[in-house]
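The block underneath contains the structure these notes are about, expressed in structure tokens.
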Amino acid sequence: MARMTMIQAVNSAHDVLLERDDRVCSFGEDAGYFGGVFGCTQGLQEKYGKTRVFDAPINEAAIVAMAIGMAANGLRPIAEIQFADYIFPGFDQIVSELTRIRYRSGGQFTAPLVLRSPCGGGIYGGQTHSMSPEAFFTHIPGLVVAMPTTPYDAKGMLIAASESDDPVLFFEPKRLYNGPFDGDPHKPALSWASHEKGEVPEGHYTVPLGKAEMVREGNALTVIGYGTMVHVALETARLAGIDAEIIDLRTIVPYDMETIARSVNKTGRCVVVHEAPRTSGFGAELIAQIQEDCFYALEAPVKRVTGWDTPYHHAHEWSYFPGQARLKRAMLETLEA
Amino acid sequence: MARMTMIQAVNSAHDVLLERDDRVCSFGEDAGYFGGVFGCTQGLQEKYGKTRVFDAPINEAAIVAMAIGMAANGLRPIAEIQFADYIFPGFDQIVSELTRIRYRSGGQFTAPLVLRSPCGGGIYGGQTHSMSPEAFFTHIPGLVVAMPTTPYDAKGMLIAASESDDPVLFFEPKRLYNGPFDGDPHKPALSWASHEKGEVPEGHYTVPLGKAEMVREGNALTVIGYGTMVHVALETARLAGIDAEIIDLRTIVPYDMETIARSVNKTGRCVVVHEAPRTSGFGAELIAQIQEDCFYALEAPVKRVTGWDTPYHHAHEWSYFPGQARLKRAMLETLEA
Amino acid sequence: MTHVPSSNMSGFAVPEPNARPGDTPDFSHLKLDQNNLAPKPDPICEASETYGLANSLVRVLDDEGQAQGPWNPQLSPKVLREGLHLMLKTRTYDARMFKLQRQGKMSFYMKSLGEEAISVAAGMALRDEDMLFPSYRQQGLLFARGHDMVEMMNHCLSNAKDPLKGRQLPVHYTWAKGNFFSISGNLGTQFPQAVGWAMASASRAESAVTASWIGDGTTAEGDFHGACTLASVYKAPVILNVVNNQWAISSFAGIAGGNNATFAARGIGYGLATLRVDGNDFLAVYAATQWAADRGRAGHGATLIETVTYRADAHSTSDDPHRYRPKEEAAAWPLGDPIERLKAHLIALGEWDDDRHQALEEALTKEVLASYKKAESNGTLRDGPLSPIPSMFEDVFAEQPWHLRRQRQDLGV
Amino acid sequence: MTHVPSSNMSGFAVPEPNARPGDTPDFSHLKLDQNNLAPKPDPICEASETYGLANSLVRVLDDEGQAQGPWNPQLSPKVLREGLHLMLKTRTYDARMFKLQRQGKMSFYMKSLGEEAISVAAGMALRDEDMLFPSYRQQGLLFARGHDMVEMMNHCLSNAKDPLKGRQLPVHYTWAKGNFFSISGNLGTQFPQAVGWAMASASRAESAVTASWIGDGTTAEGDFHGACTLASVYKAPVILNVVNNQWAISSFAGIAGGNNATFAARGIGYGLATLRVDGNDFLAVYAATQWAADRGRAGHGATLIETVTYRADAHSTSDDPHRYRPKEEAAAWPLGDPIERLKAHLIALGEWDDDRHQALEEALTKEVLASYKKAESNGTLRDGPLSPIPSMFEDVFAEQPWHLRRQRQDLGV
Ligand SMILES: Cc1ncc(C[n+]2csc(CCOP(=O)(O)OP(=O)(O)O)c2C)c(N)n1
Ligand SMILES: Cc1ncc(C[n+]2csc(CCOP(=O)(O)OP(=O)(O)O)c2C)c(N)n1
Ligand SMILES: [Mg+2]
Ligand SMILES: [Mg+2]
């Protein structure tokens, strides 16, 4: 099996999909000839032609709308939003249109499509290249929101997303594109070549949406995260020697409450982590549901380790990013509470 | 003192502001000559002239952007978004611009302005005239989000909002425009004339932002809501004879955690209510913070009574709306848990 | 160098219509009295050959009811009578439904009074395979496509047989079998979607074109620009119609920039073919639609069509137009009434008469009443039966996830 | 009737630039070789008198470095030398900063190589009171306004003296004292904001106009349309500049619709005055800006100006242009280099020579280096010192609310 970066895995998913299914097409700003600013669609226009893989005008609303029209008319578009920070001009087409078409038409029309977008910080991108806006989208009925943590999952989940009959918003943590990142910016960058989940099959496979992965078993407390924060949690637990059970949510909505509840009922303690701002971040939803479903098992309040309620800071990126120190403290406090 | 509807109270707030301060101007779709589709700015163009109160093109992004430019240049705009359901074309200008200008410019520019918008259901408006989208906005750093429950608060809070140096998103529950509504659609409509909070002073006064109001004291459990749901909660508690303490949040962000914690620490039980969909609704944030701050006082899980995770249903409006029956059941379950 | 005073601002401009309640209606700014006939270029011409048409007015029926000029689509009397029939059907349907809303039978209604030619003629000029992305004011398309009136009413009544399961406001139809997209309550969103649909058709080398409609007020939305940009860039086989009925709700077309240029002229900046058409002239709308469809089918891309018309009644059941425009304005509209004009034309041709017209009106009134009786027997919003409550939780996702199942159980259904 | 084949679609069109890496550069589609000089209407003319200029090219400096034609702003040699100085300063600054980014001194940088005339000439033609809403590629405006280079560098280095407290990516300047708005990383958002600012100025009867700039690629955003609509409706005293430098990042202007119409032509559809200007011609940009400012000041509303130029280097420090366009393309650009052209003009006038030019270059290099030394002494992103960490939590709201206070405490600062 080949080792791939997350970029290569995403590219490979496109390749598999474009190859197998005529209906699949892919577009976005700089996504055609150039193959995307991160290279996720590189080489695909040459291979599949200009009407399958192409550049789009810089208008995120139009990109979403074009994808909706195409999907309703039988195609399976995968559209790239260049940075998650730039998805908001398309917000109305997502809230008011994409996610309602099946419902409001009584099932007569559907818009099965994938919107992909790199998210998250850790690359000194400042407030306009670092956002993790997933929480906004989790409040929209009818939208699947997913975020892979490894190249293996990225490819398998992206294929599953494109084959799903629901619209899927697929966030890719850009800090993980070229290697896992455990939250320590002072360490030399790691590469996926040395990570077991960097092993990615060449052909078709899927990683099911809606299913979390238990990436570490433990008994002392449960840590729930997705994307970059899963790597941070793993390393924090390892270094601190805490017997944490770590859940990689993978699909944010619908989230895998079964796996979460099983774990929290077992450990009785829980911390949720995300890079996005705290207030009304997705951690709030998880906690609300956990305390509802696992109230009598909980021995301590569920803590949130998150980005701050400010724009993502440029110079103080590492004071904004919820790294190991903050997570460790929260884990210890939760254990001691 | 005059009795006013909430529409008249909002109108009166504009009148006071326009009269006192040259910098105040007001605009929106149909907001000029016509005075708005709900009449909130009626008569004001005639009184203050066309460059103070005027119609805007049907482009919510442009409305927000125009307000930003004006506010940065010394005016104090109050812009109307005709329905909260139609705010999303302007979402990018709110997330990426309005709420960041002070921060990203190091305080060199600010955009103190008010965006007003009627929200909520109960008027058979279907999925595009019924939304309560407040939760989306509570995840945006730098934005004050408020929702009045009575004419008195509407006027006082709107004046406070316009005088604030922060951008304020001001949602007006349209079901309360003409009278209080306790969630029972079969009762004859009530009018504000018979409600003590329908008494509204003519002149200038403010109701401070960031402060909740305890609208009913009680010991058995705490109910937290805002807008229409406060009236529903009051009537539910009354009819069911539950000794509920009811908090009207009024300002959603920053929320008054002090008042909340004091009450929950006293009652040990809590229900949060809102009309918006459940998943990642603002109830989630409240619960996450309550269980963090009041964990050891809580005797039962905090329940959410909310709209469903679907678009607002037209024909089954009253099965969508979280009315008295659902709230009562949640209160009783919480009491018995 | 020109001498320019250094400060003469007395505030920005806020345009006002020529007439408000109490004033005499005045449409002089529209320059609709041009007598020279607009030329008709080849549908596969360069877009630039159409730019003159953005400031002209494509007309076929003159004020005497004669068809003339290069745009005359030369329709048979049978087709003309069909057009008259469908327009009258639309109007009769609208009138009845509006009244029924007033009687509390449904929650909301929107008429297309005075604009029937725009939807009916376009619907007839297009092929069944062509896809439609309308706004809420093109119900005539449904009649032109032969949609079942009872089903339309079932929707408006939100009853148990509403194909949209009571989920949408009345008049927000969907009819997939009729290639009629789901109407949105959010203005303008369908415009760029239509381009995407058209591109998908083109990608399969299908001959279908796609048509979409928005109002003058809605041209201000960003989605209008998105649609024009996509249509231009990808040369999509799409017809982008702007129905300029002079009014949004209470704000007139000038608040969308209509005082400073025609809406058709917007197309010039994108290199789109552009036509400005008498929207109350059945033959002109038919011909323009056919021209644009031919152009799209031939692979020459999109056309932006402005149809100039007048919203002769209220915006919807929620408003009273006399509060913002003169009562007499509709009657003063210089382009007349589309039904009267086509009727006069047919009579001038000797293919119609007042008796037949009256008989048709009566038959349509009966048809609408009979349909309504049938639809009402399927329920009304007020009295039910409605769609089953558990269906509230369906169609959010392809399959119901756990949280919606739980919520359904919460509701006890 | 025209015979139209019923299906000849072979997919939609996806425009491609004339040349990709390996091809010979080809700018023939821009039709830049027109020799007849564009006429100059009165700045308070009807907008329609400018429409011809949307497909023309306002030029003053001919290929021999002579100033000619009606648009010649007749500037004194002193002003011309000032322009040359400022353009060269911008270029020298850019070159050094780009290099320093490569050396890890800052996180990011964007040059304006080849586009210096657009910002410098506009900055000089406007008055200090006029407000600027630029994109990230008009740093020349800051030099034209006399901004302090050390402070600019403090920002780019995100150091302790960065007036933006390290919160923004480099080149996203703010300078309120210089009437220079906060640059956004989100494309196009500033365009409609600029109209709002202009309206506020007008509402106080001030003489200031407002100018904004976006790129060719950014014209596709909805905010472009919002700005044009607002500007048209309210006749705002605003200058809307589209800097058409032929490329967005890897996608060329055709992906924004630039193959089918000029960007200036977009203005026609809104009834805005429109000019298409040689963006590498200092005198033409100066004259066009002055014309538009005069128009705005006189209460005649907005002008849309397309400046035709070429992005002569990478989009930013994050990209390599040779992967998507021919290496030789910049050199083949038919409108030359703005600095070379103004230099040649000054030399032809006898007001400049190569020695003085070289001396100026050397002086500027020294000035930039000296400024950098000073700025670096205030810190760099890599080595600090940075803004105080608690300032992360300031300026979110006017006053810090409880939750941010808590979060600051959480961070232990
Ligand atoms: C995004 C959005 N903003 C505002 C509204 C409210 N609204 C509904 S119809 C309307 C006027 C539309 O006018 P126009 O486009 O001219 O269409 P017409 O009704 O004349 O056919 C408005 C403002 C809406 N439905 N959607
Ligand atoms: C809303 C938004 N979408 C996408 C981007 C990413 N992006 C940054 S610059 C750029 C290209 C802009 O091209 P153009 O407008 O021509 O300006 P230029 O860089 O050529 O000056 C893109 C796509 C962004 N910053 N904002
Ligand atoms: Mg209209
Ligand atoms: Mg460019």
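Per chain, numbering begins at 1; letters A, B, ... match sequence-line order. All heavy atoms count here, side chains included; hydrogens, waters and symmetry mates do not.
Rounded to the nearest 0.5 angstrom, C/T189 OG1 and A/Q93 CD are separated by 5.5 Å. In this structure, OG in A/S105 is found 14.0 Å from NE2 in C/H172, a value given to the nearest 0.5 Å. Between atom OH of residue C/Y234 and atom CE of residue A/M66 there is a gap of 4.0 Å, rounded to the nearest 0.5 Å. Between C/S203 atom OG and A/R23 atom CZ the span is 12.0 Å, to the nearest 0.5 Å. Rounded to the nearest 0.5 angstrom, A/L75 CG and C/R204 CZ are separated by 5.5 Å. Atom CG of C/D223 is separated from atom CD of A/E97 by 8.0 Å, given to the nearest 0.5 angstrom.
Heavy-atom neighbours of A/K211 NZ from other residues, nucleotides or ligands within 6.0 Å: at or below the threshold of 12. By the neighbour-count criterion of 12 heavy atoms within 6.0 Å, atom NZ of A/K50 is densely surrounded, having more than that number from other residues, nucleotides or ligands.
Note on C/T229, C/L230, C/T210, C/D162: by heavy-atom pairs under 4.5 Å with chain A, the leading option is C/L230. Among A/L143, A/N59, A/V144, the residue making the largest number of heavy-atom pairs under 4.5 Å with chain C is A/L143. Contact count versus chain A (heavy atoms, under 4.5 Å) is highest, among C/S182, C/G222, C/S387, C/P163, for C/S182. For chain C, the option among A/P57, A/A62, A/A56, A/A65 with the highest count of heavy-atom pairs below 4.5 Å is A/A65.
Listed here is the closest heavy atom pair of C/A398 and A/D165: CB-CB, 3.9 Å. In plain terms, the two heavy atoms of C/N186 and A/R100 that are nearest each other are OD1-NH1, 4.5 Å.
Residues from residues 282-293 of chain A that place a non-hydrogen atom less than 4.5 Å from a non-hydrogen atom of chain C comprise A/Q289, A/D293, given in numerical order. Contacts between residues 106-113 of chain A and chain C, counted as heavy-atom pairs separated by less than 4.5 Å, involve A/G106, A/G107, A/Q108, A/F109.
Proximity to chain A (any heavy atom under 4.5 Å) is shown, for C/L404, by neither the backbone nor the side chain. Proximity to chain C is absent for every atom of A/I63, based on heavy atoms less than 4.5 angstrom apart. Interface remark: A/F54 contributes side-chain atoms only to the contact with chain C (heavy atom separation under 4.5 Å). Neither the backbone nor the side chain of A/A67 comes within less than 4.5 Å of any heavy atom in chain C. For C/F224, no part lies under 4.5 angstrom from a heavy atom of chain A. Proximity to chain C (any heavy atom under 4.5 Å) is shown, for A/V64, by neither the backbone nor the side chain. No part of A/D22 comes within reach of chain C, as not one of its non-hydrogen atoms sits under 4.5 angstrom from that chain.
In terms of modelled atom types and a separation under 3.5 Å, the side chain of C/W402 and the main chain of A/Y255 share a donor-acceptor contact.
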- Show your working on side chain to side chain contact (heavy atoms under 4.5 Å, CB included) between A/M70 and C/W197 and close with a plain yes or no. CA-CA 5 Å; A/M70 288 177 158; C/W197 183 289; over 6 Å; no
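Under the side-chain contact (heavy atoms from CB on, under 4.5 Å) rule, A/Y103 has a single partner from C/Q168, C/R167, C/E394, which is C/R167.
A cation-pi arrangement is absent between A/R102 and C/F397, since the terminal nitrogen or guanidinium carbon is not both under 6.0 Å from the aromatic centre and inside a 45° cone about the axis.
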